[in-house]
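Note that ligands are numbered from 1 as they come in the structure, with each ligand's atoms numbered from 1 the same way.
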Amino acid sequence: VTGMLAMSRERAGSFIQDDILLASTFAIQASIALENARLYDDLNRFNQMLERMVEQRVDEINKAVSRLEKLDKNKSDFIQVAAHELRTPLTVIKGYMGMLKSAPPLQDNATLKMAMDGVLQGTDRLHQIVNSMLDVARLESQVLAPHLETITLGPVLRLIHKDYVEDLKARQLTLELDPDINSAPAIRADSELMQKALDNVVVNAIKFTPDGGTIHISASQVKGERGDVCEIRVKDTGIGIDDKDKEMIFEKLYQVGKVELHSSGRTKFKGGGPGLGLAIAAGIVKAHQGKIWCESEGHDEEKLPGSTFFIHVPLAK
Ligand code: ADP
């Protein structure tokens, strides 16, 4: 019941049919109007409640984002401080090792010479890791400005190939440079940085492809999001990458799988690194206004679906 409509008259007697009809029509209209007003009020209140809930959620999300940003900054600060702290003693060790290596008593002692080479190799690897840490820190603080010039990919990729000839042989891997690389368009890039970015992608292809596999590198001009670009593709026959990891692997320190199973070695199968390689590659590509991503049908260490890393870089003109 919405309400009641009462009518009275001065003279005795019943209302006529028309009066009753008019009154009931008015009553129906009035109850509809009242019902609409109530619904409108409910809706308004519901909207206000929703708005309050959304505001609350936005507030919570903002707090979570700033907390994550703070944690990320802590991570970056740690990388930077650790790299600087490690670099100084490392330089001292390398300097003295270099002196010891050429010391006369060592020249006639094969065992000591071998031990010295081992130590030097270890310090070189440590140096590479410290440099990667510094690269990440520089890329994050955007102090790394690429020195842009016109370069062709062939020589850069051949240099990378040359660096890994021994490792590829030891692991019976084939690294193929597609003939199309020679006809790939010239790009506008910092050759040293571009070599570093590609090196990180190639060394991963080596690390995550079991012995006997193949890594194929090709490049050509394609249509990008903002006009023509040069696309470089590094395709391997390795263990592949799950969808859930395809974006995260470009974050610093992100590694797929358990950290406890982490093994060391720059080109060993599934040899872990510090988890900085792809963050460096992505940072360099971004500094060139380029794009990097990977495609894979998933992670499977038996079926070996492989992965392909794509890099888009601007053309020379
Ligand atoms: P890391 O130092 O561990 O190699 P990266 O940043 O270079 O760090 O790579 C992050 C992770 O991405 C690797 O630990 C690996 O799990 C995954 N990954 C990178 N490249 C490949 C690849 N070609 N095939 C399979 N997994 C890969």
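Contact annotation for P274 and ligand 1: heavy atoms of both the backbone and the side chain come within less than 4.0 Å of the ligand. Contact annotation: for F250 versus ligand 1, there are no heavy atoms closer than 4.0 Å. When non-hydrogen atoms are compared, ligand 1 lies under 4.0 Å from the side chain of K207 (C-beta onward) but not from its backbone.
Aromatic ring pairs are classed by plane angle as parallel below 30°, tilted from 30° to 60° and perpendicular above 60°; the pair W293 and F310 is parallel.
In the vicinity of G240, heavy-atom distances shorter than 4.0 Å reach the ligand 1 atoms 25 (C). Counting atoms of ligand 1 from 1 in the listed order, those under 4.0 Å from a heavy atom of G275 are 1 (P), 2 (O), 3 (O), 6 (O), 8 (O). Atom numbering of ligand 1 starts at 1 in the shown order; those under 4.0 Å from a heavy atom of L276 are 2 (O), 6 (O), 8 (O).
The two residues T152 and P155 make their nearest non-hydrogen contact at O-CD, 3.4 Å.
Heavy atoms of K252 come nearer than 4.0 angstrom to ligand 1 in no pair at all.
A salt bridge between D135 and R138 is present, with a side-chain N of the basic residue lying under 4.0 Å from a carboxylate O of the acidic one.
Crowding of E192 atom CD: a count of heavy atoms from other residues, nucleotides or ligands under 6.0 Å not exceeding 12. More than 12 non-hydrogen atoms from other residues, nucleotides or ligands lie less than 6.0 angstrom from CZ of F15.
Not a single ring-ring contact (aromatic ring centres under 6.0 Å, His included) links H299 to another residue, sequence neighbours left out. For D108, there are no side chain to side chain donor-acceptor pair (under 3.5 Å) partners two or more places apart in sequence or in a different chain.
Where the criterion is an N or O separation shorter than 3.5 Å, residue side chain and backbone included, I239 fails it with respect to ligand 1. Residue N204 has at least one nitrogen or oxygen atom sitting less than 3.5 Å from a nitrogen or oxygen atom of ligand 1, judged on distance alone.
The option from I241, V203, T308 that lies nearest to atom 26 (N) of ligand 1, judged by heavy atoms, is I241.
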